[in-house]
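Beneath this line is the structure, given in structure tokens, with notes to follow.
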There are 2 protein chains.
Amino acid sequence: MVKTDKMDVMDLLFQYFRKYNRLSKEAEDAIEEISKLIAIKKNEDLQSIGHTCRTIYFINKGSARIHYFKDGIDITESFAFENNIIARVESLLTGKTSRKAIQILEDSEVVAINATQLFKLYDIYPEIERLFRKIFEAAYVDTVNRIEAIQFHSAEERYDALINDAPNVILRVPLKYISSYLGITQVSLSRIRGMK
Amino acid sequence: MVKTDKMDVMDLLFQYFRKYNRLSKEAEDAIEEISKLIAIKKNEDLQSIGHTCRTIYFINKGSARIHYFKDGIDITESFAFENNIIARVESLLTGKTSRKAIQILEDSEVVAINATQLFKLYDIYPEIERLFRKIFEAAYVDTVNRIEAIQFHSAEERYDALINDAPNVILRVPLKYISSYLGITQVSLSRIRGMK
DNA sequence: CTATTCGTTTAACATAGGATAAATAATCAC
DNA sequence: GTGATTATTTATCCTATGTTAAACGAATAG
């Protein structure tokens with residue numbers, strides 16, 4: 001495996017950022033300083049349950065999910081693929097211990113941004129604070145919309161919507177991780193697929 | 001009815017703000033300038049469906065809900081009571097037309113903050129941008145947690161949790177508005193209540 | 001290549017909550 | 001206060017999804 005150069009990856013990340021807010025060169029450099037490129041293998045935990053989340057990840061290659069255990073059952077909260085960020089916001093934004101883990105689903109390469117230092121940069125570069133304000137605002141809106149989808153569509157409709165909106169998920173993620181994301185059991189998901 | 005003085009209400013609002021981020025006097029004054037005190041009667045729409053949301057409301061007295069129509073059925077997205085803000089974020093934060101309305105549930109007094117002007121203040125007062133960043137981050141985290149509650153608790157558990165977390169809702173809001181908030185029909189809600 | 005483990009599907013049965021309709025109860029207009 | 005409207009409950013029946021168990025298929029280690 002050829003290891004990707006950090007600079008190339010940071011460029012991708014900054015392109016991603018530009019969709020939300022354009023940064024000055026100095027601000028980009030400041031973010032680069034607090035970022036690390038990490039290679040990590042399938043099925044490993046990028047972050048495990050039980051400590052406060054102080055990192056925001058950008059996925060360069062591969063995929064990951066946030067999951068937790070509810071009454072001993074493994075529940076997927078969300079998926080993320082290349083060119084997107086992933087973070088356990090209920091811990092990152094509150095300082096509380098996270099009950100959730102980030103698990104890598106395919107051999108991956110991610111940029112880990114040190115959030116403690118990032119939040120300090122907010123005071124020096126309001127443009128960075130604005131960038132992440134916008135990123136989290138967009139994620140907030142997505143989450144509000146997701147509630148509607150969960151509450152008022154049947155399991156089958158949710159499955160169809162997932163295929164439409166995120167075909168990657170079905171192609172690249174084991175079904176056992178998808179069912180809980182859809183809010184159903186693995187058996188129900190299998191039944192729904194069987195009807196097609 | 002004695003009309004409340006705007007200054008008293010703004011003080012309450014600034015106290016609310018202080019829980020998130022303390023503002024300078026100048027920043028508070030700037031917000032006061034773009035805020036209006038509005039009295040509005042039960043069952044009226046504070047904002048109706050179909051235009052872009054450009055206002056953030058703070059409820060001084062009374063209560064409200066955000067709702068929309070799904071296949072002709074009235075769905076409640078959220079409730080708000082005195083000393084809290086309410087806004088249709090899927091429109092406010094994206095600029096898209098809102099499919100949702102804000103309906104007043106009891107005779108109310110609210111502060112209407114002009115969001116177009118507020119967002120302009122972000123450039124002049126980073127402290128105001130930070131304040132609303134924190135407000136929306138907290139709302140985001142609440143929403144992430146709500147998904148878990150919706151997806152993995154029974155209707156009865158969700159009802160019990162509501163009584164616990166927001167007894168106001170049950171006491172002050174018609175049941176017909178509560179059932180859709182819980183993701184069930186009015187008949188199911190009634191059945192659940194009947195079992196107690 | 002084979003054995004073992006892990007993931008997925010199928011089957012049979014149970015149940016929470018939806019749909020419809022009708023009966024009460026509460027609220028509102030006059 | 002009376003009648004009309006609106007909100008809530010109760011009853012019946014029905015369906016989607018849960019539960020458990022077993023069968024089948026795919027991936028992995030050695």
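So you know, we letter chains A, B, ... as the sequences are listed, proteins then strands, and number each from 1. What you see below is based on every heavy atom in this structure, not just the backbone, and it leaves out hydrogens, waters and symmetry mates. Model, not experiment: these values are computed from the prediction.
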For residues 119-126 of chain B, which side-chain donor-acceptor pairs fall under 3.5 Å, sequence neighbours excluded?
unit_1	atom_1	unit_2	atom_2	d
B/Asp123	OD1	A/Arg130	NH1	2.9
B/Asp123	OD1	A/Arg130	NH2	2.8

> Taking OP1 and OP2 of C/dT9, is either one under 4.0 Å from a side-chain nitrogen or oxygen of A/Ser190?
Replying inline: yes

> In whole angstroms, how far is the C1' atom of C/dG7 from the CG atom of A/Leu105?
Replying inline: 15 Å

> How long is the line joining CD1 of A/Ile184 and P of C/dT15, in whole Å?
Replying inline: 21 Å

>> I need the CG-P distance between A/Leu189 and C/dT9, as an integer number of Å.
In response: 7 Å

> So how far off straight is the helix from C/dC1-D/dG30 to C/dC30-D/dG1, going by the axes through five pairs at either end, to 10°?
Replying inline: 50°

>> With the threshold set at under 4.0 Å for non-hydrogen atoms, list the residues of residues 149-171 of chain A touching DNA chain D in residue-number order.
In response: A/Ser154, A/Ala155

>> Taking any heavy-atom pair under 4.0 Å as a contact, classify B/Arg193: base, sugar-phosphate, or nothing.
In response: sugar-phosphate

>> Ring of A/Phe79, cation from A/Arg65 - is the NZ or CZ under 6.0 Å from the centre and inside 45° of the axis?
In response: no

> Can you check the A/Gln186 CD to C/dT8 P distance for me, whole Å?
Replying inline: 6 Å

> Between B/Arg133 and A/Glu129, is there a side-chain N and carboxylate O pair less than 4.0 Å apart?
Replying inline: yes

> If you measure from CD on A/Glu26 to CD1 on A/Ile31, what distance do you get to the nearest 0.5 Å?
Replying inline: 12.0 Å

> What is the distance from atom OG of B/Ser180 to atom NE2 of B/His67, rounded to the nearest 0.5 Å?
Replying inline: 9.5 Å

> OP1 or OP2 of C/dG18 less than 4.0 angstrom from a side-chain nitrogen or oxygen of B/Ser188, does that happen here?
Replying inline: yes

> Would you say B/Ser91's side chain and B/Cys53's backbone share a donor-acceptor pair under 3.5 angstrom?
Replying inline: yes

>> Pick the closest DNA chain D nucleotide for B/Arg191 and for B/Pro174 by heavy atoms, then say which residue is nearer the 5' end.
In response: B/Pro174

> Can any side-chain N or O of B/Asn21 pair as donor or acceptor with the backbone N or O of B/Glu127 at less than 3.5 Å?
Replying inline: yes

>> Would you say A/Glu137 and B/Tyr140 are linked by a side-chain donor-acceptor pair, where the criterion is simply a distance under 3.5 Å?
In response: no

>> Rounded to whole Å, please give me the gap between CG in A/Leu175 and C1' in D/dG25.
In response: 13 Å

> At under 4.0 Å between heavy atoms, what does A/Thr185 touch on the DNA or RNA strands: base, sugar-phosphate, or nothing?
Replying inline: base

> Can you tell me how far C1' of C/dA19 sits from CD1 of B/Ile73, to the nearest Å?
Replying inline: 10 Å

> Tell me: CG of B/Asp71 to P of C/dG18, nearest whole Å?
Replying inline: 14 Å

>> Under a 3.5 Å distance rule, please check whether B/Ser98 uses its side chain to pair with a backbone N or O of B/His51 as donor and acceptor.
In response: no

> Starting at CE of A/Met195 and ending at P of C/dT9, how long is that distance when rounded to a whole Å?
Replying inline: 13 Å

> Any idea which of C/dA11, D/dT28, D/dT17 is nearest the A/Lys42 side chain?
Replying inline: D/dT28

